[in-house]
Amino acid sequence: IVFFSQIIIPFIILIYCTARIVSRLRRKAVGEKAKLRKAVFAVLSVAIVFSICFLPCTIARAVLLITRVKEWAPMEVVAVQVYDALMVLSYADCLLDPLVYCFCHSGFKNAYISFFPSFLKKRLLKPVSGTPPARTTTTIISGAKRIS
């Protein structure tokens, strides 16, 4: 029960919040349509990545518990192996979320890349097909940094 509540409750909250945010963004009439589409894509991407990473592991855990309750020893061995393999996928969510943010917003990408060593920054910010790299400006507004 604890394992499933750790996954199912956050999943329900994530889906509810995603649906509300997407609905609100689609109703918004003010602002650039391209930016609104990008925001919808970012929100949906986070929900999809979470679903792909955690739901298979949750299903495998349910199958494992069923095989243990029914005492199907040969199936339990397979279920344990599948569950262990899918646990790696659930851990990958921690890696994939920053990548989603990185590809969805150039300001986040530039801030994220700023943590890399300088030789990697040059390669990551290298212009693609002749276009100059995105520039990051930092403005101090009443003591707080703002990246734009």
Side-chain angles (χ1 to χ4, degrees), residues 1-70 75-76 78-117 120-129 131-148:
I1 291 172
V2 171
F3 176 80
F4 291 110
S5 64
Q6 289 175 339
I7 300 298
I8 300 302
I9 292 171
F11 182 70
I12 291 169
I13 293 169
L14 176 71
I15 296 303
Y16 174 77
C17 292
T18 299
R20 297 279 301 166
I21 292 169
V22 168
S23 171
R24 192 160 200 168
L25 286 171
R26 287 195 174 154
R27 281 187 282 141
K28 193 171 181 175
V30 179
E32 289 182 42
K33 292 293 181 185
K35 285 187 178 182
L36 292 174
R37 272 195 305 268
K38 210 171 186 182
V40 167
F41 176 75
V43 171
L44 288 174
S45 296
V46 170
I48 290 168
V49 166
F50 182 88
S51 300
I52 290 171
C53 290
F54 283 105
L55 289 182
C57 181
T58 305
I59 293 167
R61 176 69 176 190
V63 170
L64 176 59
L65 292 175
I66 291 168
T67 59
R68 286 185 176 161
V69 168
K70 301 284 185 178
M75 287 294 292
E76 184 179 345
V78 173
V80 167
Q81 291 173 351
V82 169
Y83 174 70
D84 288 344
L86 290 174
M87 280 300 288
V88 172
L89 184 61
S90 68
Y91 295 143
D93 181 64
C94 297
L95 171 71
L96 295 175
D97 279 343
L99 292 177
V100 168
Y101 301 136
C102 187
F103 288 114
C104 289
H105 190 273
S106 60
F108 186 88
K109 177 182 176 184
N110 292 333
Y112 188 70
I113 289 175
S114 71
F115 290 105
F116 286 89
L120 281 176
K121 282 186 217 177
K122 291 175 186 173
R123 293 189 84 186
L124 293 170
L125 293 174
K126 187 177 180 181
V128 178
S129 64
T131 59
R135 292 184 346 170
T136 301
T137 58
T138 304
T139 310
I140 308 248
I141 301 174
S142 66
K145 272 190 173 182
R146 184 176 147 233
I147 298 175
S148 55

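A quick note: this is a predicted structure, and the numbers were derived from the prediction, not measured. Side-chain atoms are counted along with the backbone in the values below, which use heavy atoms only and exclude waters and symmetry mates.
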One should read off an interatomic distance between Phe50 CZ and Thr18 OG1, to the nearest 0.5 angstrom, of 10.0 Å
Looking only at heavy atoms, the pair that brings Val40 and Arg26 closest together is CG1-NH2, 4.1 Å
Separation between CD1 (Ile48) and CG (Leu14), nearest 0.5 Å, reads 10.5 Å
Here the gap from Met75 atom CE to Leu64 atom CG, rounded to the nearest 0.5 Å, amounts to 10.5 Å
Validation row: Arg37, Lys33 side chains within 4.5 angstrom (heavy atoms): yes
CG (Leu55) and OG (Ser90) are apart, to the nearest 0.5 Å, by 11.0 Å
Taken to the nearest 0.5 Å, the spacing of Phe54 CZ from Ile59 CD1 works out to 13.5 Å
Worksheet item: Does a side-chain heavy-atom distance below 4.5 Å link Arg68 with Val80?
Response: yes
dist Ser45:OG -> Leu96:CG (nearest 0.5 Å) comes out at 11.0 Å
Is there a side-chain contact between Phe11 and Ile15 (heavy atoms, below 4.5 Å)?
-> yes
Are Leu89 and Leu86 close enough that some pair of their side-chain heavy atoms sits under 4.5 Å apart?
yes
Cys53 and Ala92 have their tightest heavy-atom pair at SG-C, 4.4 Å
